[in-house]
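Chain letters run A, B, ... following the sequence lines, proteins first and then strands; every chain starts at 1.
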Amino acid sequence: MIHSRLRRLISWMPRALVGLLVTPGVALAEWGLNFPRPVSPIAQEQYDLHMLITWIVTVIFIIVFGIMFYSIINHRKSKGVKAAQFSHSTKAEVIWTVIPTLILLGMAIPSTKALIMMEDTTESNMTIKVSGFQWGWHYEYLDHGIEFYSKLSTPRAQIKGEEPKGEHYLLEVDKHMALPVGQKVRFLITSHDVIHAWWVPQLGGKKDGFPGFINEFWIKPTEVGTYRGQCSELCGKDHGFMPIVVDTMEQVDFDAWVAKQKSAAPS
Amino acid sequence: MSEEITAVADHHHDDIPKGLSRWLFTTNHKDIGTLYLWFSFMMFIIGGAMALVIRAELFQPGLQLVNPHFFNQMTTVHALVMIFGAVMPGFVGFANWLVPLMIGAPDMALPRMNNWSFWLLPFAGMLLIGSLFVPGGGPAAGWTIYPPLSIQTGMGMDLTIFAIHILGMSSILGSINIIATILNMRAPGMTLMKMPLFVWTWMITAFLLLAAMPVLAGAVTMLLTDRHFGTHFFDAAGGGDPLMFQHIFWFFGHPEVYILILPAFGMISAIIPTFARKPLFGYTSMVFATASIAFLSFIVWAHHMYTVGMPLSGELFFMYATMLIAIPTGVKIFNWLATMWRGSMTFETPMLYAISAVALFTVGGLTGVMMAITPADFQYHDTYFIVAHFHYVIFCGSVLSMFGAVYFWLPKWTGHMYNETLGKWHFWLTVIAFNVTFFPQHFLGFAGMPRRIPDYAQQFTEFNMVSSIGAFVLGFSQILLLINVVRTIKAGQPASDQVWEGAEGLEWTLPSPTPYHTFVTPPKVS
């Protein structure tokens, strides 16, 4: 038992080594270095803001480190530098208080706009109630009278390493949920037991579901596709095993999907 | 006559108690400081071992070594042990050793209470770690112990709650002692604005502790009564609110973050001027920046909870308030840079640690600004980006500063110089391994890996492997610190009284090693 585990560990070693060596290399693109491509207005807004701040902090980081390294390289005793003895400069202190303030203001304005847009759940076209439970999701399409449970479908054997892992290992469920493209969908989220959080990165997110309370958020998918996410609030031992899969589709396909669900559901 | 009395008194002072009773009954601030520091190091190793269990499980996808429930216990207890067992007692240890020496006091103001503050800790530590061995296992709800999940856990959670009570008591007593010492026992001429920055940052930290720890004690007590006595503080079915716990918890939790970092700022402010051979830049603005950070820490707590469904106005308020913290923090970093600027620097181990603490804390600070932006945080929240961020802040800001401080003051305390080569090896291994461990976690977070999961989708494999390898190097590098410290205590080149060419402050006017009793007659500060 231990033996086979050890052998498996060793067999992974080359892959880890490659990982270390090519870290700055091309392979990164497929590993995902950044947010996955956004496919909803909220996710798009979050992506744009994220890129904006990332660049701002990267520039600040380079400036701070640049000054530090210039100083480390040039102002050393081994170069015979005699230490200056200054210990204040009101001008410098005003500059490095005012400039960060202005940068922060510059970040606050687009963030405020984005936040106002995100929190506006009015004028939605349909409503879906999501309930988290230990460990899976329950979806109710309130305008269509459909409800179903959705749980992890990855076989136990794959998790235990007894058979090879599939393409969507841990990100596959027995029943996908469906959303129509171009419709503003209001979500109500709650929980049956402990706190869960519903999160599909490409559709924007995330929101916590509390037992006994209802939170709301909205999604307006912009592209047809299949998008995957996970519970992101620690909810017990199988917290890592309650994924979310959403199929977005054109309105006609969605209508057909609704009809199929209705005919399949026992009444 | 009077000379005779002095002689007798002096003789008495040099009589250091022997054996176990020296440590059990000691009221000497140096002995208590030493106890705190060894306790902190032990907890650091225990908490580190738990981190390695986590990283070993995450080395590859699938469940290999531990089951998910035990994995959750490891993430929870690792955090609690590191925060309450390693970092906080570590700082109190430094405060015990250094505050009296820096302000010219003979000891702490309340020496017997000081003894009790320390001896509460081992019992709290035993409860916390012992919780892993009771039926149902230790707490597994994350260190934030959010209900209702923490209501579901077995009796391990109760032991944890009691451990938090005792740790909190120890912190409160320690804080009262530090504040009383600083306000009452300064040598003549040591005005508040002449105190070393370490003393200032610790005094502000002590006030934060006094304000924050009782709040945590209240929160966990409500949890305890919800668990066993039928109250419904956090149970919606009984008219309570699970969200209320998060508000109370983070009202403690955010000041706690600064409790974990402000003393480190004081250490950095002592080390950098010494090795730059130049006075600290902007002393007054440092004091005011520390005080502003402390004030702001009480009005930003809900930025840990952007996704809980707050009203828009609440989200906006907490976003703006959080962004404000960047300003005083920036002031501190720029002041340190200005202290280095046109100095005459040398790079002994303490200086290397202080500079890397500033540099890498800046990384953590900048990712903190990113997370302050509420709309983007909806994506960052509860991902590995957060894990990377707070390790950059706490490990680099706090722990690296403490490593630097150990090498900086150890020659003064022991009278022996540490081994510089070994110190540099420890530094480079620690800093490189740290970055190998945690830098990739930023990208894991961006790509969508949630935190606190024992198994993950395959696109996260490579970065997790890199991270795990880094973690093991980081963990085992700490053996070098232990070896170096033990060798320094036992032997090593004798250190001069001045120790470092550029060192300034009352502690450097004392002989090395510092006598058992110091400043029995207060020094005169001009």
Side-chain angles (χ1 to χ4, degrees), chain A residues 5 12 16 19-20 31-35 45-46 49-50 53 57 60-61 64 67-68 71 75-77 81-84 87-88 93 96-97 100-101 104 107-108 111 114-115 118-119 159 161 165 169-171 194-195 197 201 205-208 210-213 215 230 232-234 236-237 240, chain B residues 60-64 68-69 142 146 148-149 236-237 242-243 277-279 281-282 285 307-309 312 315-316 320 323 326-327 330-331 334 337 340-346 359 362 366 369-370 373-376 378-379 382 443 446-448 450 452-455 457-459 462 465-466 469:
Chain A
R5 272 183 188 167
W12 278 85
L20 268 177
W31 297 358
L33 258 181
N34 204 347
F35 283 12
E45 199 67 49
Q46 288 170 330
L49 259 177
H50 158 70
I53 342 159
V57 300
I60 297 172
F61 175 82
V64 170
I67 295 170
M68 185 181 258
S71 193
H75 305 145
R76 27 172 94 212
K77 197 185 177 195
V81 179
K82 245 187 101 48
S87 69
H88 356 247
E93 291 181 61
W96 66 52
T97 312
T101 312
L104 288 172
M107 299 200 294
S111 310
L115 200 55
M118 285 169 65
E119 292 295 330
I159 296 171
K165 295 177 176 30
Y169 175 70
L170 293 190
L171 295 179
V194 301
I195 308 166
K206 55 191 72 80
K207 204 70 148 193
D208 295 356
F210 283 83
F213 291 83
N215 276 328
Q230 279 177 273
S232 68
E233 177 66 51
L234 179 60
K237 78 179 168 62
Chain B
Q60 51 172 310
L63 291 176
Q64 288 84 27
H69 183 57
Y146 286 175
L149 188 59
L243 178 53
R277 292 164 181 79
K278 192 163 158 279
F281 186 92
S285 68
T307 64
V308 300
L312 175 64
E315 288 176 339
L316 286 174
Y320 300 145
M323 291 169 87
I327 297 167
V331 165
F334 296 133
L337 288 186
M340 290 165 67
W341 191 255
R342 291 180 52 212
S344 172
M345 283 192 278
T346 50
T362 306
L366 290 171
V369 173
M370 295 171 71
I373 307 296
T374 315
F378 275 88
Q379 291 281 5
D382 266 335
F443 303 117
F446 288 163
R452 294 167 168 168
I453 55 173
D455 190 5
Q458 285 177 294
Q459 70 261 36
E462 278 79 1
M465 286 186 163
V466 173
I469 293 170

Original post:
Of the backbone (N, CA, C, O) and the side chain (C-beta and beyond), which part of B:P279 lies under 4.5 Å from a heavy atom of chain A, both, or neither?
Top reply: both
Original post:
Between B:P375, B:G62, B:G330, B:P68, which shows the greatest number of heavy-atom pairs under 4.5 Å with chain A?
Top reply: B:P375
Subject >> Between A:P211, A:A83, A:G236, the one whose heavy-atom pairs under 4.5 Å with chain B are most numerous >> reply: A:A83
**OP:** Kindly give the heavy-atom pair with the smallest separation between A:Y169 and B:P61, and that separation in Å.
**Re:** CE2-CB, 4.1 Å
Original post:
Of the listed residues (A:H50, A:E93, A:K82), which shares the most heavy-atom pairs with chain B below a 4.5 Å separation?
Top reply: A:H50
Subject >> Region of A:N215 in contact with chain B, defined by heavy-atom distances below 4.5 Å >> reply: side chain
**OP:** Check for a donor-acceptor pair, side chain of A:K207 on one end and backbone N or O of B:V308 on the other, with a separation under 3.5 Å.
**Re:** no
Subject >> Derivation of the side chain to side chain contact (heavy atoms under 4.5 Å, CB included) call for B:L316 and A:E119 >> reply: CA-CA 11 Å; B:L316 286 174; A:E119 292 295 330; over 6 Å; no
Original post:
Sub-3.5 Å donor-acceptor pair from the side chain of A:K77 to the main-chain atoms of B:M345, do we have one?
Top reply: no
Subject >> Smallest separation among heavy atoms of A:L115 and B:F378, with atom names >> reply: CD1-CE1, 4.2 Å
Original post:
Rounded to the nearest 0.5 Å, what separation is found between the CG atom of A:L170 and the CD1 atom of B:I453?
Top reply: 8.0 Å
**OP:** Could you go through the side chain to side chain contact (heavy atoms under 4.5 Å, CB included) check for B:M323 and A:M107 one step at a time?
**Re:** CA-CA 9 Å; B:M323 291 169 87; A:M107 299 200 294; 3.8 Å; yes
**OP:** Please look at A:A197 and chain B and tell me whether the side chain, the backbone, both or neither of the residue comes under 4.5 angstrom of a heavy atom of that chain.
**Re:** neither
Original post:
Side chain, backbone, both or neither: which part of A:M118 has a heavy atom under 4.5 Å from chain B?
Top reply: side chain
**OP:** Give the intermediate values and the outcome of side chain to side chain contact (heavy atoms under 4.5 Å, CB included) for residues B:M340 and A:M68.
**Re:** CA-CA 8 Å; B:M340 290 165 67; A:M68 185 181 258; 4.0 Å; yes
Subject >> Distance (rounded to the nearest 0.5 Å) between A:I159 CD1 and B:L63 CG >> reply: 6.5 Å
**OP:** Select, from A:L49, A:L171, A:N34, the one with the greatest count of heavy-atom pairs under 4.5 Å involving chain B.
**Re:** A:N34
**OP:** Below 4.5 Å from any heavy atom of chain B, which atoms of A:E45 appear? Answer side chain, backbone, both or neither.
**Re:** neither
**OP:** Quick one: which of B:P454, B:A457, B:A359, B:S285 has the most heavy-atom pairs under 4.5 Å with chain A, could you say?
**Re:** B:A359
Original post:
Do B:Y146 and A:V194 come within less than 4.5 Å of each other through their side chains, counting heavy atoms only?
Top reply: no
**OP:** Tell me, out of A:A114, A:S111, A:G212, who's got the most heavy-atom pairs with chain B below 4.5 Å.
**Re:** A:S111
Original post:
What part of A:F210 gets closer than 4.5 Å to chain B, counting heavy atoms only: side chain, backbone, both or neither?
Top reply: side chain
**OP:** Using non-hydrogen atoms and a 4.5 Å limit, figure out which bit of A:L234 sits close to chain B: side chain, backbone, both or neither.
**Re:** both
**OP:** Please flag which part of B:F334 lies under 4.5 Å from any non-hydrogen atom of chain A: side chain, backbone, both or neither.
**Re:** both
**OP:** For chain B, find which of A:V81, A:V57, A:V64 contributes the most heavy-atom pairs closer than 4.5 angstrom.
**Re:** A:V57
Original post:
If you count heavy-atom pairs under 4.5 Å with chain A, which of B:T374, B:V369, B:I373 comes out on top?
Top reply: B:I373
Original post:
What part of A:I195 is in contact with chain B, defined as an atom under 4.5 angstrom from a non-hydrogen atom: side chain, backbone, both or neither?
Top reply: both
Original post:
chain B: which of A:Q230, A:K206, A:E233, A:R76 shares the most heavy-atom pairs with it under 4.5 Å?
Top reply: A:K206
**OP:** Could you check which of B:H69, B:K278, B:E315 has the highest count of heavy-atom pairs closer than 4.5 Å to chain A?
**Re:** B:K278
Original post:
Taking all atoms of both residues into account, what is the closest heavy-atom pair of B:L366 and A:F61, and its distance?
Top reply: CD1-CB, 3.6 Å
Original post:
Can you name the side chain to side chain donor-acceptor pair (under 3.5 Å) partners of B:D382, sequence neighbours left out?
Top reply: none
